[in-house]
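For clarity, every value in this text was computed on a predicted model and none was experimentally measured.
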Amino acid sequence: MIIPIVLGLITILSVVMALKKKRPVLFALPIASIIVIAVVKIMMVPLPFWETVQFIFNLRG
């Protein structure tokens with residue numbers, strides 16, 4: 001429950017700061033934070049990292 005709240009706060013703050021400072025690079029911050037959280041969640045699985053990634057992509061087929 002805390003992850004969506006944190007992502008929401010990061011998104012709101014980065015949009016406000018991007019508009020205020022006129023730096024469009026700050027719009028990439030929410031995307032980067034989602035990627036970091038996804039990698040951390042994958043690393044929490046008790047299998048080796050590469051096997052976990054292969055398992056996730058094999059779920060589609």
Side-chain angles (χ1 to χ4, degrees):
M1 183 65 187
I2 194 160
I3 291 174
I5 294 171
V6 170
L7 287 175
L9 289 174
I10 289 172
T11 303
I12 291 169
L13 289 174
S14 66
V15 168
V16 168
M17 293 304 290
L19 294 174
K20 208 179 235 189
K21 303 281 184 181
K22 298 189 183 200
R23 293 196 164 197
V25 174
L26 292 174
F27 287 122
L29 188 62
I31 296 168
S33 62
I34 290 171
I35 292 171
V36 167
I37 289 174
V39 169
V40 168
K41 289 291 187 179
I42 290 171
M43 290 172 55
M44 290 172 61
V45 175
L47 292 173
F49 182 77
W50 187 246
E51 287 183 26
T52 305
V53 172
Q54 287 177 337
F55 176 73
I56 290 170
F57 286 108
N58 284 336
L59 290 176
R60 292 183 184 177

Self-check item: Distance (rounded to the nearest 0.5 Å) between Ile34 CD1 and Ile10 CD1
Solution: 9.0 Å
Quiz prompt | same_hphob_cluster(Ile2, Leu9) at 4.5 Å side-chain heavy-atom cutoff | solution = no
Self-check item: CZ (Phe55) with more than 12 external heavy atoms under 6.0 Å
Solution: no
Quiz item: Mind checking whether Trp50 and Leu47 sit in one hydrophobic cluster, side chains of I, L, V, M, F, W, Y counted as touching below 4.5 Å?
Solution: no
Exercise. Treating Ile, Leu, Val, Met, Phe, Trp and Tyr as nodes and any side-chain heavy-atom pair under 4.5 angstrom as an edge, say whether Phe27 and Val36 lie in one connected cluster.
Key: no
Quiz item: Please walk me through it: do Ile3 and Lys41 pass side-chain contact (heavy atoms from CB on, under 4.5 Å)?
Solution: CA-CA 11 Å; Ile3 291 174; Lys41 289 291 187 179; 3.4 Å; yes
Exercise. Kindly work out whether a path of hydrophobic side-chain contacts (I/L/V/M/F/W/Y, heavy atoms less than 4.5 Å apart) joins Ile12 to Leu7.
Key: no
Quiz item: In the single-linkage hydrophobic clustering (I, L, V, M, F, W, Y; side-chain heavy atoms under 4.5 Å), do Ile31 and Leu13 co-cluster?
Solution: no
